[in-house]
Structure formats: structure tokens, C-alpha cells
Protein chains: 2
Amino acid sequence: MADNGLSIGQVAQRTGLSVHTLRLYEREGLLASEVRRDGSGRRVYSAWDVEWLANCVKFRASGMPLTAISRLAQLVREGSGNEAERLKLLREHQRHVIEQLAQLRDCLELIDGKVASYEQHLAAGASGDPWQQQLQPAPQERG
Amino acid sequence: MADNGLSIGQVAQRTGLSVHTLRLYEREGLLASEVRRDGSGRRVYSAWDVEWLANCVKFRASGMPLTAISRLAQLVREGSGNEAERLKLLREHQRHVIEQLAQLRDCLELIDGKVASYEQHLAAGASGDPWQQQLQPAPQERG
DNA sequence: CGTTGACCTAGACCTGGGTCTAGCACCTAG
DNA sequence: CTAGGTGCTAGACCCAGGTCTAGGTCAACG
């Protein structure tokens, strides 16, 4: 009802994580503030929790391991005073993401090339073949 | 000696894969042509094999699962006639990589934002704090 | 001749990140 | 009262992708 207070199911829906995963993340210390519980022990997530989780989702999507998110969460949990450390962590991941981007672009280039040659190949009916082991000098000893 | 004929160790060095991984990849059918063996059963990789493996490394780095690489390898192994299928596979992965790029950029934006605020925060001595759970209305019932 | 180093196979092991199950507690509706 | 739906915990399970081990074969070196 009150929309500052969501059940785990609702949070699962809006974050795209499963309830299992939400509980896992909590166990692993990914949450930056302890999740409240209602009278009968059920989790009650605040809007802020959900926002944080949304960030977690992005971190995960960019390859940040749970342990790193957990460290960050811990710093945030501990409150102000450790901002420099948080920044360091973030910068590390930032670098990592930038590297990944470079790698991906590089790889995409390769794939684009292959795709283009196959397209040509198919359009023209067997011209240059991007991958054909027979193109090398001497595989004449095969069956 | 003959540089068209490398041992597994040499290939490991130039691809950056471990010899274990090279053997794994072979078992999993990632190689597009059967690796030759010398008189005593040792693998002898051709330059072409190494090139292919380098491609595999890029595919892996861009998140292509072993099974997909294996399918592609199989198609190549089977020889010409299935280029359309190879193209399809490549296009799928291409799409995937493009999506990943978008995601990563998105995530990088988030991180850049956080990094910037922390930098400001640190430079200015506690101004706007990018993550502070206390910023929300009413967490007054905590111990 | 012994030993060193690279290689072989088969198969066990490990990590990360989930995902699912069992068995139980609530709450609400019929 | 009973059933359904949702939640809880603890812990098992699973998959991908490696990584390592045991036990053995070679070839070359001193």
C-alpha cells in the first residue's frame, strides 16, 4: 500500500531480479542498508533500497563481482568518512568497464568483418571465404 | 623449428590461454580443424589453428559461450555449403555484442556520475553525497 | 644410464552466481 | 475451518568455464 515499503516480490518485479537472488544478495551483504522487517519477519524494502538494488543490477551487468559490490555496500553502510575508499572502488570498476568497452569494440570489429565477408560471399556465390582451413599451404594428408 | 607447427605450450604463450584450456577447448569442439599430432601423439598446431584460436579468444572475451563457438567451429569443419548458417550465428553474436556495448555505456554513465560526485564531495569537503541512506524521509525507528 | 621437461589422458576439483526445495509461518477469502 | 498465496530459513543443487592431479610416454642432455 504505502509505496515506501515494498515486499520482496514487488521488488523482484521492479528490479528484474528473482526473489531468490534478492535474498542471496542480502546474504552476501550487497545491500547498503539493512532491510527492515515487518511484524512477522517479512522484508520491507524502502524506495532507497530499490534504487540501490537498481544500481547493483547495473554493476552486475557491467561485470562487477558480488564481492566488490559487497565491499562498496559495506562502506556505504558504515556511513561517511570513507568516501575516498568508495571513490577508489568506483574508479577501479570504471577502468574495468572502459577496458571492457575497448575489448568489445575490438571484438565487434572482428565480427563485423566476418559478417561482411560472409554477406559478400553469399551474395556473390563463393568468392573470398573468411574461414576456410583449406586456404593454407599443405593439408594434403587428410583422408 | 618449422614455424608452421607449434606445440601446445607455444600456442598457450601466443594465445594467452593455458595448456589446460587449450585441451579443454579441443575436447569441447571449439577447433575448426582437427589438430594434427606428431609421431608420439603430441599436438601440432598450424598457424591457421592459432589464428582460429585467437578468434576464439575474442569471442570468449565478448561473452560468446563455448557451445556457440563450438557450433560455429563445427560448421566450418563441415566445409562450405553452410555459410548462411555461419552468418546467422555470427549475426546473433554481433547483436549480442552491440547490446552489451549499450549496457556497458549505460552503466559507465552511472559510474561516471558517482565518481564525479565523490570527487566533488571530497574536493569540497562533504557537499552532495551520492549515496547516503539517511537522505530519505523516515528511518527514525532504527536502533 | 638416470633425470629433466614437455607432453599425453582421464577425471577430479573449484569458483561464481544463481536457482530450487523442504518445511514452516502468516494472512486473507470463501 | 481450510485453502491459496506469499513469505521465511537453511541448505542442496546446478551450470559454465576453467584449473589441477595422477600416472604415464617421450626425447634429449650430461
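Letters A, B, ... mirror the listed sequences (proteins, then strands); counts begin at 1. These numbers come from the heavy atoms of this one structure, side chains and all, not from hydrogens, waters or symmetry mates.
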Flag side-chain contact, heavy atom, 4.5 Å: S40(A) against D38(A)
yes

Given the rule that I, L, V, M, F, W and Y join up when any side-chain heavy atoms are under 4.5 Å apart, are L24(A) and L17(A) in one cluster?
yes

Pick from K88(B), R91(B), E83(B), R86(B): which one makes a side chain to side chain donor-acceptor pair (under 3.5 Å) with Y118(A)?
R86(B)

Which atom pairs link the protein and nucleotides 5-10 of chain C when you take only N or O atoms and keep those under 3.5 Å?
| unit_1 | atom_1 | unit_2 | atom_2 | d |
| --- | --- | --- | --- | --- |
| dA6(C) | N3 | R42(B) | NH2 | 3.0 |
| dC7(C) | OP1 | S7(B) | OG | 2.7 |
| dC7(C) | OP1 | G9(B) | N | 3.1 |
| dC8(C) | OP1 | R43(B) | N | 2.8 |
| dC8(C) | OP1 | R43(B) | NH1 | 2.8 |
| dC8(C) | OP2 | R23(B) | NH1 | 2.5 |
| dC8(C) | OP2 | R43(B) | NH1 | 3.2 |
| dC8(C) | O5' | R43(B) | NH1 | 3.4 |
| dC8(C) | O3' | R37(B) | NH1 | 3.4 |
| dT9(C) | OP1 | R37(B) | NH1 | 3.2 |
| dT9(C) | OP1 | R37(B) | NH2 | 3.2 |
| dT9(C) | OP2 | R43(B) | NH1 | 3.0 |
| dT9(C) | OP2 | R43(B) | NH2 | 2.8 |

Does S18(B) offer a backbone N or O that forms a donor-acceptor pair with the side chain of R23(B) under 3.5 Å?
no

Heavy atom of residues 94-106 of chain A under 4.0 Å from DNA chain D: which residues?
none

Please list, pair by pair, any protein nitrogen or oxygen found under 3.5 Å from a nitrogen or oxygen in nucleotides 2-4 of chain D.
none

Nearest-Å distance, CZ (R36(A)) to P (dG7(D))?
16 Å

With side chains defined as the heavy atoms from C-beta onward, is the minimum distance between D49(A) and V44(A) less than 4.5 Å?
no

Separation of S80(A) OG from W131(B) CH2 (nearest 0.5 Å):
15.0 Å

Distances under 3.5 Å only, N/O to N/O: pair up the protein atoms with those of nucleotides 14-18 of chain C.
| unit_1 | atom_1 | unit_2 | atom_2 | d |
| --- | --- | --- | --- | --- |
| dG17(C) | OP1 | R60(A) | NH1 | 3.4 |
| dG17(C) | OP2 | L66(A) | N | 3.3 |
| dG18(C) | OP2 | Y25(A) | OH | 2.8 |
| dG18(C) | OP2 | R60(A) | NE | 2.8 |
| dG18(C) | OP2 | R60(A) | NH2 | 3.3 |

Find out whether R14(B) and L53(B) are in side-chain contact, i.e. whether some heavy atom of one side chain is under 4.5 Å from a heavy atom of the other.
no

Under 3.5 Å, which donor-acceptor pairs do the side chains of residues 107-114 of chain B form with other protein atoms, sequence neighbours left out?
| unit_1 | atom_1 | unit_2 | atom_2 | d |
| --- | --- | --- | --- | --- |
| D112(B) | OD1 | Q94(A) | NE2 | 2.5 |

Check ion pair E99(A)-R105(A) (N to O, under 4.0 angstrom):
no

Does any non-hydrogen side-chain atom of R77(B) lie less than 4.5 Å from one of L31(B)?
no

Review item, side-chain donor-acceptor pairs of residues 59-74 of chain B, under 3.5 Å, at least two apart:
| unit_1 | atom_1 | unit_2 | atom_2 | d |
| --- | --- | --- | --- | --- |
| R60(B) | NH1 | M64(B) | O | 2.6 |
| S62(B) | OG | K58(B) | O | 3.0 |
| S62(B) | OG | F59(B) | O | 2.8 |
| S62(B) | OG | H93(B) | NE2 | 2.8 |
| S70(B) | OG | E28(B) | O | 3.1 |
| Q74(B) | NE2 | E78(B) | OE2 | 3.4 |

Would you call E26(A)-R43(A) a salt bridge at under 4.0 Å N-O?
yes

Measure the distance from NE2 on H20(B) to P on dA22(D) and round it to the nearest whole Å.
13 Å

Mark yes or no for whether E85(A), through its side chain, and N82(A), through its backbone, hold a donor-acceptor pair below 3.5 Å.
no

